[in-house]
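Worksheet: one structure, shown below.
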Amino acid sequence: MSVFISALGFGVVTAAILAISAVGFTLQFSVTNVFNLAFGSVMTLSGFVAYWLNQVGVDIWLAMLAAAICGGLISVAINELLYEPFIRHGVNLFGMVIITISVGLIFDHGLQAVVGPSFFSYNAPAGKALHFADFVLTRQELAIIAIAAALTAVVQGALQYTRLGKAMRGLAVNPALARACGVPTRSVIALAWFVSGALAGIGGVALFLDISTFTATTGSEFLIVIIAAAVLGGVGSPRGAVLGALVVGVVTEVGGAYWNPQLKDVLAFSVMIVVLLVRPQGLFAQLANERAVAR
Amino acid sequence: MLDGVSAGYGGHEIVHNVSIEITPGRIDCVVGPNGAGKSTLLRAITRDAELLAGRIWLQGTEISQTPGNRLVSRGLAWVPQLDDVFNTLTVRENLELGGFLLPRRRVAARIEEMLELFPLLSRLTARVAGRLSGGERKLLAIARALMPSPSALLLDEPTAGLSPEMTNLVLRDQIPRLSESGVAVLLVEQRAIEAIEISARVHVMVSGAVRTSREAQELRGDWDELTRLFLGEE
Amino acid sequence: MSAGTQYYIATILVYISVNAIASWGLDLQFGVTGVLNFAFILFQAVGAYTAAMLSLGPPSSNGGFQHYPFGVHLPFPVPIIGAMLVGGALSGIVGLITLRRLRSDYQAMVMLVVSVVATVVIESVIGLANGSAGLSLIPNPAHTISGVSRTAQSWLFVGICWLCMVLVGVIMYGLVYSPYGRVLRGTRENEAAIEAMGRDATRARMQVFVIGGAFGALSGALLAEFIGAWAPSDWLYPETFVFFTAVIVGGRGSVSGVAIGAALVCVGVQQAVQYLPIGSDPTVLASLEWIITGLLTMLFLWMRPQGLLPERRRRFSIPELRKLPAVGSEGAVELDA
Amino acid sequence: MPDVDALLVVEEVAKSFGGVHAVDGASFRVPRGSLTGMIGPNGAGKSTVLSMIAGAVAPDRGSIRLDGQEIAGLPSPKTARRGVIRTFQNASVFPHMTVLENLLLGVPPWSGETVAAALFRRHRWHREEAQQVSQARNLLERLGISGMADTFAGQLSGGQKRLVEIGRAMMSRPKLLLLDEPMAGVSRTLAPVIEALIADLRNEGMTVVLIEHELALVERLCSPVVVLAQGRVLMQGEMQEARANPEVRKAYLVG
């Protein structure tokens, strides 16, 4: 039983990191329709910004905040300088997937050329282990869970209750009508990219804290799991992304504990592929489908 | 308001030299057979089709070059034929987005006014728009467009795809009440008879050009002439 | 020429042919037919592992330090042919699941995931293909010929590779520049229209999936025999992207263009990086290769999306000009190609 | 009209999309060798009926018989191989292929289109292709676009694309040709050319179903006409009858 409980604990931590990232990934996708495979690189890059700050003595939680801002700015810059021009140039959705992969590769390997292939760690104590019944979590892990819960709640709340949040949801589902309502679409899209990048930054630092050692490609390697969570929850739905993150996080850790721990990601992907085979509606057309069904 | 407008897509002209003037408190309707270019005309006003020639004025200001998301602040609102609501948002949220440019404190009050104008919507405020029936949807779309108190409202085939009962509800019961609130309505309709019954002025459009513009009273009852125009009998 | 130089040139020639074969396989799928196969590298890997197991002998040979389910020692060219068959078959299975059941937008993502999953599985289930250490001591068929120098053996293997490349090239030309190829391009251009003309688009995609997969496997088999080893680090999912770049740079749907693209992107970039004045740190060099590959893709998609040697416009000669007065047969029309 | 020799018999077909009845029990027959017009106000379900005949949309119920054989629910490649060829509302060409190649894809699937034939029987398909190319050239001549044989179809104007699309359908010598608003997106100069082409097809005895909203054109070309409104067939008969029919007149005004 305690194996199960402790695996569950790990699962919740993984789910927390996944939730932060998957919400960022899916939010940006639903608003802009760009399937951004450079998302993992933004995580890594911001994680390294936090690392450098951490090296000169900045507290890791403060560095996380800096990473968030940095990730947001990088994300906005990628969109303004690369993705937007390419879309206006007439590159289609599949071409854009290839372009986002290019951007990811350039970022990852640019970073690797600078920092080398070695492993890095934050200078941050994990904190005292705390026991709740059979759960054993460090303070750091608890903090990550708390941050994830707070962030997803804030994003969800902002989307649900603020004027801009509603504009963002409106823009995602019907851009032409949002324009007709006077929504400044360009600014709202930039905001979506910023929030997505900021969440990538926080998710990146949280991931690096959790797995304790990281390289210049760690974020991109994790991206596939993020996509699994986002797809599982239904791409384009932040609430779904949180649910998907929980399922993937818990299934991988619990399954890994009982089965081969190295194969835990395979479980996540298998779940995702089975879900897709049962519901093969198509990724990019999801919102359009909703429109058609509602008619 | 429209002065010698020609419009189309990709340089291909579909609407030729149309001039129409609309007045506050009155409904003007554009009727015509399939493919006459009625929707293209509206889409030229809302920047969704190319304006190839002519100028568009609204209350003395030229809006021919105004970008799409600035038109609403000039007092122009429109309801597209398809994709007319935000499907995943609730009725209330749809209205709130409609009032995106209103001062924050005005929004709630304006929503109440809209719900009074369309009582049918008032018990549905928490419903997701994608789950409304066709008629309810259309009313919501119109209410959403009216949120910023526009001076002119364009309606693109509001009854397309609606059942006869719903058509009645939208066209006969609800739209006539709009003009009472002082807005100028330009209605494009496939269902000519019903549209003419509620309109003040009728513009018959065939093959991209306005064949005739008359007071609606003159045409009412004289369906034969209208049919001839529609069915291409000269 | 010194033996060292000869070996260097032979190596380059082997890499050119292997990468041309693989890029053609992807081009048939992506460039000609429009299938976005992000798992392409997986089929190269399958070919490599199959060829290894068909030539290494049973797991107990070589001291039994490698773990794999079964192995036989078969003579050339059986391992290569076996690799193509297994690669094609596995391609068919993946195609059956993804191409038939999923819409094209999901297909790409699922392929990407399949590629990653396969790496994870091979790395963690040691018994399948010796885990992340991979298989080694894979025999090179040219090295089994005794009585000739090592250099001659290298050149012999170059010959084998280039023979394979010519064969695949001929097949590519045959398929692409034929009525069959026209149906494939029609599938890429307009699925609704090609189906309205009585052609089955899904079937066309399945076929190129299997054929392209077999080409990928062939390239993997040759590569494994040349290097003598094959491990998961050789086929991480971003490697597929290199072939995409080769196809985009060379010219989607253009057989000769893609061969040039493969030589430039898969071999040229790597070689060029060696001569840059930036030192010899292998990580930096490898990173630089990836950066250049990514930049090339974006550059071409922006400036020259049709590639260096664009897909050829099929022109058909006008019969009146060719008809000889005495022959009087039906209009002798040929492909201008 | 039970006594006419009908090539196509459509009985009680229905299709709804997400609860909306696009087609709600439509029945009509297409006489062999006729140019049958299909008219009706917007949203009457004309295109959906056409898509069901062509196999692109499977009907929820009802029967579609071609030459007495049931084809309802057959996927579109199979329907096409039975000889039912359609054009699309938006002229639908293969943009990065030449005009001539577009026409060659109109030829019914033939021996050169298998992997084996492409590789091993080049001589045979070369010969066959030569014949088809000269046929295609003659057709281009007739369509008046022979100068564009080597132009990419994507670079043509809307009307020229339409010509290519109809030419592609003609290459297949269809049993039944379905034209979905062939005048849509066509300039005023090319419209008469396309009209004359359709009239020629009728005179040559091809069976054609034509969806068109310009009634004057339907009157000049079609006999009989099928009038659809709200997913049902209001009447089938001659255009004059349709014009005189009060129900039809009302349907047009009421929408």
Side-chain angles (χ1 to χ4, degrees), chain A residues 35 37-38 82 85-86 89-91 93-99 101-118 216-217 220-221 223-225 227-228 231 235 260-270 272-273 276-286 289, chain C residues 30 34-36 38 97-98 100-110 112-126 131-132 236-238 240-242 244-245 247-248 278 281-303 305:
Chain A
F35 205 82
L37 294 178
L82 288 167
F86 268 108
H89 201 62
V91 175
L93 284 180
F94 293 140
M96 287 311 295
V97 173
I98 292 180
I99 285 167
I101 296 180
S102 310
V103 171
L105 282 174
I106 292 171
F107 275 28
D108 282 2
H109 290 278
L111 184 63
Q112 187 153 59
V114 175
V115 302
S118 30
T217 53
S220 291
E221 285 154 20
L223 176 64
I224 303 282
V225 191
I227 293 177
V231 168
V235 175
N260 184 339
Q262 281 182 291
L263 284 178
K264 62 185 187 183
D265 288 349
V266 176
L267 274 174
F269 300 137
S270 314
M272 168 189 158
I273 289 180
L276 281 187
L277 288 176
V278 178
R279 260 192 60 143
Q281 274 89 341
L283 212 61
F284 299 106
Q286 189 183 348
N289 279 350
Chain C
F30 162 66
V35 184
L36 217 54
F38 279 134
I97 297 170
T98 54
R100 286 205 185 273
R101 289 282 294 143
L102 298 177
R103 288 170 48 126
S104 58
D105 36 23
Y106 261 119
Q107 285 170 12
M109 287 307 121
V110 171
L112 189 67
V113 167
V114 165
S115 186
V116 176
V117 169
T119 320
V120 176
V121 169
I122 293 292
E123 273 182 346
S124 31
V125 185
I126 310 285
S132 41
L236 299 174
Y237 72 94
T240 301
F241 181 75
V242 180
F244 269 101
T245 307
V247 171
I248 289 167
I278 48 160
D281 181 341
T283 322
V284 175
L285 292 185
S287 293
L288 202 60
E289 273 177 50
W290 283 109
I291 294 171
I292 293 174
T293 308
L295 286 176
L296 272 177
T297 310
M298 291 205 282
L299 198 72
F300 269 82
L301 283 178
W302 184 270
M303 316 243 317

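All figures in this text were calculated on a predicted structure; none of them were measured in a lab. The sequence lines fix the lettering, A, B, ..., with proteins before strands; numbering per chain opens at 1.
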The interface call for C/Leu288 against chain A, heavy-atom contacts under 4.5 Å, is neither
Whatever's closer than 4.5 Å to a heavy atom in chain C on A/Leu111 counts as neither
Only one of C/Val114, C/Val110, C/Val121, C/Val116 passes side chain to side chain contact (heavy atoms under 4.5 Å, CB included) with A/Phe269, and that residue is C/Val116
Residues A/Ile98 and C/Phe30: closest non-hydrogen pair is CD1-CZ, 4.2 Å
To the nearest 0.5 Å, atom CD of A/Glu221 lies from atom OG1 of C/Thr119 at 10.5 Å
Most contact-rich option vs chain A, by heavy-atom pairs under 4.5 angstrom, among C/Leu301, C/Val284, C/Val125, is C/Leu301
Correct closest heavy-atom pair for C/Gly294 and A/Ile106 would be C-CD1, 3.7 Å
For A/Ser102 and C/Met298 the tightest heavy-atom approach is CB-CG, 3.8 Å
How are the rings of C/Trp302 and A/Phe86 set relative to one another: parallel (under 30°), tilted (30 to 60°) or perpendicular (over 60°)?
perpendicular
Cut-off 4.5 Å, heavy atoms of chain C, and the answer for A/Ile224 is side chain
Given the options A/Asp108, A/Leu105, A/Thr217, C/Pro238 meets side chain to side chain contact (heavy atoms under 4.5 Å, CB included) only with A/Leu105
The interface call for C/Ile248 against chain A, heavy-atom contacts under 4.5 Å, is side chain
Separation between CD1 (A/Ile101) and CZ (C/Phe244), nearest 0.5 Å, reads 7.5 Å
Separation between CD1 (C/Ile291) and CD (A/Gln112), nearest 0.5 Å, reads 9.0 Å
Honestly, the part of C/Phe300 sitting under 4.5 Å from a heavy atom of chain A is neither
